Each structure stands twice: as structure tokens, then as C-alpha cells.
2 protein chains.
Amino acid sequence: MSPSAPSPQQPPSRRIAEELRKRIERGELAAGDKLPSERALAEEYGAARNTAREAVRILAEQGLVTAKHGKGVFVRQPQRLFRFGSDRYSIKNRETGLTPFRLEAKRQGKTARIDVLSITREVPPADIAERLQVSADDASVVHRENHYFADDEPVQIVSTYIRWGEAQGTLLMQPKSGPNGIYGRLEELGHVMTRVRDEISARMPTPHEAALLDLLPGVPVLEVLHTSLDQNGEPFEVTRYVHRADQTGLLYELPVEQPTPPEAQ
Amino acid sequence: MSPSAPSPQQPPSRRIAEELRKRIERGELAAGDKLPSERALAEEYGAARNTAREAVRILAEQGLVTAKHGKGVFVRQPQRLFRFGSDRYSIKNRETGLTPFRLEAKRQGKTARIDVLSITREVPPADIAERLQVSADDASVVHRENHYFADDEPVQIVSTYIRWGEAQGTLLMQPKSGPNGIYGRLEELGHVMTRVRDEISARMPTPHEAALLDLLPGVPVLEVLHTSLDQNGEPFEVTRYVHRADQTGLLYELPVEQPTPPEAQ
DNA sequence: TAGTGGTCTAGACCACTGG
DNA sequence: CAGTGGTCTAGACCACTAT
């Protein structure tokens, strides 16, 4: 009928995937519903099971459905997103004692847990060394790795890097880094956080990340490379956040620089 | 050997995928190199072609390799990222006449092209209506859809929404919206952009987006839902940016609110 | 033309879930 | 136990690329 319909010459697996997608979009299959089994789909469309299976794979890749071994394939539930953002570094949060993560978890009625995985002296990755302005050839940094959970589900991986010369022998080497956390210690070392720079990208997870974050196929990660600048514009701390994108979003609210009004004065 | 090695009981397809991944990480297969053909891999590992093919699919899903029909499977080239960020809304850019996109393209030695796809009065999507504070039940907005290209490769899809009541009969309904673009016109209507709010998320593309952005499998999109607030804190424009994540990153640089120093005065 | 990936078939066995 | 997805096999034909 329609002149430029892409359907007629499409292979069966894609055709099945599109029909299922339409059923989902029309609401015939709602979030949480179970799709017909692969064997049922195969029979329904007169195809081999592998062909029906390929159709399901296409939908999973798009993040629309999730297969559960032994149970079936289900339409994915849109998750309410955690919102991390520009206020993540705000002084106010330090004063309340509640970190932004705990605040957001509380707002969603979930329990927050933060595991300190490791605190080690290391050779920094190249991108970190560049931003922290340290050598990438020797063990010039301390790496603190933390994992964040909401209701015991992993939400983000956080890797913080600080210069070894400054962290050495301080609470920055300890899991409990004291009042106001590491930023409190860094302030005592003369670094007042004045500006932040967040570089944001998205990509598919590595197998390692997929395992740590318990990620289903078709779920990307959001990566934030954060640099803290002090009162002299010097970087003194760099953190890499890796968020699971199906449960996490970022929020940046910021003022726009105004031009000097031409008719003022 | 290693006590908790996950390898021994892994299915052949995953084992092949892991070995290929290691070859890539060790640099034996560099960016741009061609992998052994599926048939060659199958023979090398004593498996059926479909099993080798599954291994390649796993790597493609991770964004590590790209299959080219009739040619082979190649290790993906890391692309230099376009950086869009907080200065995207800066007044300075309006004064130079060069949009941030054209500036970034120029910096990378690429040609920029912007296509105005459509300018139509529409019923807004729910998320847009909520942020623009208009009705989602009638055609309360004007939707301007633009596509951005670098060297004729699609980079982002931009959908801007403005209240119909304000756009009606103005240059906001025209492809050429006049000096300083739409923000110039909105300023004449009394809206000075004072703050912006950007909500960022990542997800796999819809088939429609994948086609528009020419996306390979395993490449997610970055979505930015941008709200412009005027001098009264009222939203007057909302834009949805959909970026391809393999060529685009975001950059936010912002000041941190300082507490009143306890010993000042 | 030969070599590549894209898709399909028909069957098999395994692993997980639930009654 | 029956039903589900996860994986594999061995073969086939198609579509695209290069020579």
C-alpha cells in the first residue's frame, strides 16, 4: 500500500521483530508482559526456531525486551532514572552529610550501599594522567575504587584518582577519609573546589563492567570523566564514573553568561 | 590454573570471542585490521560457522568490531569525539555567528551541514509538554527538526519545541529564523536565556534513529533534553538532541557554589 | 569468478524455572 | 516433569565486494 514501505523485501527475522515491536508500541504487549515463546513464534510465522530467536535478539539489542532463562522473554520495564548532576559537587551536600547518592536513593525509597573496593597506589591510565597533570610512566597516583548499590543492585562504579604525593600518609589512603570525605582532606591540603569539568560519553560496557553492573544485553553505560579545579585553576582530583544507563541519568543545571546590556548605565 | 578463572566451562562462542578480544587488546589485531573470516575461525577452533559467527556478534555488540558485507569483519577505529557542552548556549557563540557545531567541525577539519527537515505545528510528546508547561492534548507547539552532518556523515538529530502561541506568524516558523537564530527571536518576545537545564541519558537507538544516524550495531545514542529558562525562571524552549555516541561527547564546565567563608570579615 | 558476511533450516542437547 | 531460553551442528542459498 504505502509507496516506500520497507517491509516487503525484508528477511523474516526482521519482519517478525518489527511486528513484535509494533505490538509493544500499540500496547498489546505491555511492560512486564511475556512474549510468545521462541517455538511458538516460529510456528506462528512458519519459520525455524532460530529465525524467531533472531527476531527476539534484535529486540533485545534495542533494549526493548529481556530474556530470562527458563522463564521467557519479557517486555522491559522502563526504570525510573537516578539523576546525578551538577549539584553532585555542591558544598551544600557536604554539609547535610548525606551524599547525593544517598539522597537520591532515599527519594526513591531504596537503600543505598557504598563498597570501598580498593585504595591503591598505581600507574594512572593515560586519560587520567593527562587531566591530573601527572606522569603516566610511574605510580604517581592513588586510586580509590568504590561501587554503589541501590537495594543491593549495582548502579555505578566510581574510580577516584589523587596525586600520590598529596595522599601519602593521609586519611586519603583510608576507607574512612574523615569529615566531608576526600574533598575535606583535599581542602586541608589547600585545594578549594572552584570549578568542575565533566566529560560525558556513552558506549557499550566491557564484559568486566557488564558483570560488575549486572547489565543486560542492550544496555549501554554512561561514562563521566570528572576533573576538579581549585582556586588557581589547577586540577587536583579526577574521577571516572561508569553508570548503568538503564537506571541512571545526568542532570546539569547552569547559568548562562549574560552579555553586557548595550543600554545599561 | 587461576582458581576462579571463568574460562573452563564457557561455551565455545564466548571462548572464541574472548580470544579475539585479547588479540585486539594485545594489539595483535590493530584498529582497522581484518579479522579471520567466519569460515576460517570455525575451522581454526573446530566449530561450526554459526558458532564462530556468534563470537563475532558478541564483539560487535560490545562495539569492538564492525562487519562489512562482502568484505570482512574489522577492528573498529576509535573516532575523535565531537564535544558539545555547556558553552553550546553561550552568548559569545551567537556573536561570532559561528554556531558551536560549525566551530567544532572546523576544528576537526570537517565540513558542517545543517538540514532543516521540517517546521510544523504539533501535539507535543509528553516529556516535552511537561517541561515546556503546555498542553499535551492539542497542537500547542511548533516543532523544528534539524539534522546535523560532518563531512556528510550524520552526527545528531535536533528537535526544538516552542509554544505555538509565540511562534505563530513569526520568523520562528521559517527555516531562516533571522539574526542570532531562534534565540534572537525569542529574546524579542521577552525571553532572555538565563539558565539552562540539560537532562542526559544514554540508550540504544530506535531502528528509525539507527537509519537516520547511519549507526552500526553496538553504538548507543546520547540523548539530551534541554530546557531554556528565562529571566523569570520560566521555560520558553525545549530541545531534544539525539547524538551518535561513537562520534559525540558532551562537555560541561561549571563553577561550584562556595560556602560563605567562616573567618571572612 | 571467488571470498566475504547475512540469513535460514531442521534438528539436537543443555541449563534453568516452575509446578 | 514440561516448558523455556542458550547453544551448537552441518548444511544451504543469497547479497555484496573485489579481481
Side-chain angles (χ1 to χ4, degrees), chain A residues 6-20 29 32-76 207 210-211 214-219, chain B residues 6-20 29 32-76 207 210-211 214-219:
Chain A
S7 9
Q9 294 291 37
Q10 271 201 127
S13 58
R14 289 176 196 262
R15 207 176 68 77
I16 299 173
E18 279 207 2
E19 296 226 357
L20 287 172
L29 289 167
D33 282 2
K34 185 173 163 301
L35 267 59
S37 77
E38 294 171 350
R39 288 161 178 91
L41 283 172
E43 195 179 6
E44 180 182 346
Y45 288 94
R49 184 189 154 202
N50 275 352
T51 303
R53 184 174 170 75
E54 171 70 8
V56 172
R57 201 197 55 74
I58 291 171
L59 296 179
E61 194 173 279
Q62 297 170 6
L64 264 180
V65 301
T66 297
K68 298 190 180 172
H69 195 165
K71 296 171 85 169
V73 178
F74 300 83
V75 179
R76 203 170 280 186
D214 200 17
L215 286 177
L216 301 165
V219 178
Chain B
S7 7
Q9 294 292 36
Q10 271 201 127
S13 58
R14 288 176 196 263
R15 208 177 67 78
I16 300 174
E18 279 205 3
E19 296 227 357
L20 288 172
L29 289 166
D33 282 3
K34 185 175 163 300
L35 266 60
S37 77
E38 294 172 352
R39 288 161 179 92
L41 284 172
E43 196 178 6
E44 180 181 346
Y45 289 93
R49 185 189 154 202
N50 273 354
T51 303
R53 184 176 170 75
E54 172 69 7
V56 171
R57 201 195 55 72
I58 290 171
L59 296 178
E61 194 172 278
Q62 297 172 6
L64 265 181
V65 302
T66 297
K68 298 190 181 173
H69 196 168
K71 297 171 85 169
V73 178
F74 300 83
V75 180
R76 202 170 281 182
D214 201 16
L215 286 178
L216 301 166
V219 178

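The structure displayed is predicted, hence computed values, not measured ones.
- In this structure, B:E18 CD and B:Q10 CD are separated by 4.5 Å, a value rounded to the nearest 0.5 Å.
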Can you list, pair by pair, the side-chain donor-acceptor contacts under 3.5 Å of residues 66-73 of chain A, counting residues two or more places apart and other chains?
residue : atom : partner : partner atom : Å
A:T66   : OG1  : A:R76   : NE           : 2.8
A:T66   : OG1  : A:R76   : NH2          : 3.3

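- Remark: A:I58 CD1 to A:I16 CD1 distance equals 9.0 Å, nearest 0.5 Å.
- Two residues are said to be in side-chain contact when any heavy atoms from C-beta on lie closer than 4.5 Å; A:L20 and A:L64 fail this criterion.
- Proximity of residues 32-45 of chain B to DNA chain C (heavy atom under 4.0 angstrom from any strand atom) is restricted to B:S37, B:E38, B:R39.
- A 4.0 Å heavy-atom criterion places the boundary nucleotides of DNA chain C facing chain A at C:dT7 to C:dG18, written 5' to 3'.
- Under the side-chain contact (heavy atoms from CB on, under 4.5 Å) criterion, A:A40 pairs with A:P36, A:S37, sequence neighbours left out.
- Screening residues 37-48 of chain B for salt bridge (Lys or Arg N to Asp or Glu O under 4.0 Å), with sequence neighbours left out, gives B:R23-B:E44, B:E38-B:R49, B:E38-B:R53.
- Only A:R53, A:A67, A:K68, A:H69, A:G70, A:K71, A:G72, A:V73, listed by number, bring a heavy atom of residues 51-75 of chain A to less than 4.0 angstrom from any atom of DNA chain D.
- Applying the side-chain contact (heavy atoms from CB on, under 4.5 Å) rule to B:P207 yields the partners A:R21, A:Q62; only residues at least two apart in sequence or on another chain are considered.
- A:V65 has its side chain within reach of A:L35: a pair of non-hydrogen atoms, C-beta onward, lies under 4.5 Å apart.
- Partners of B:E19 by side-chain hydrogen bond (donor to acceptor under 3.5 Å, both in side chains), not counting sequence neighbours, listed by chain and number: B:R15, B:Y45.
- For A:A47, the side-chain contact (heavy atoms from CB on, under 4.5 Å) test picks out A:T51, with sequence neighbours left out.
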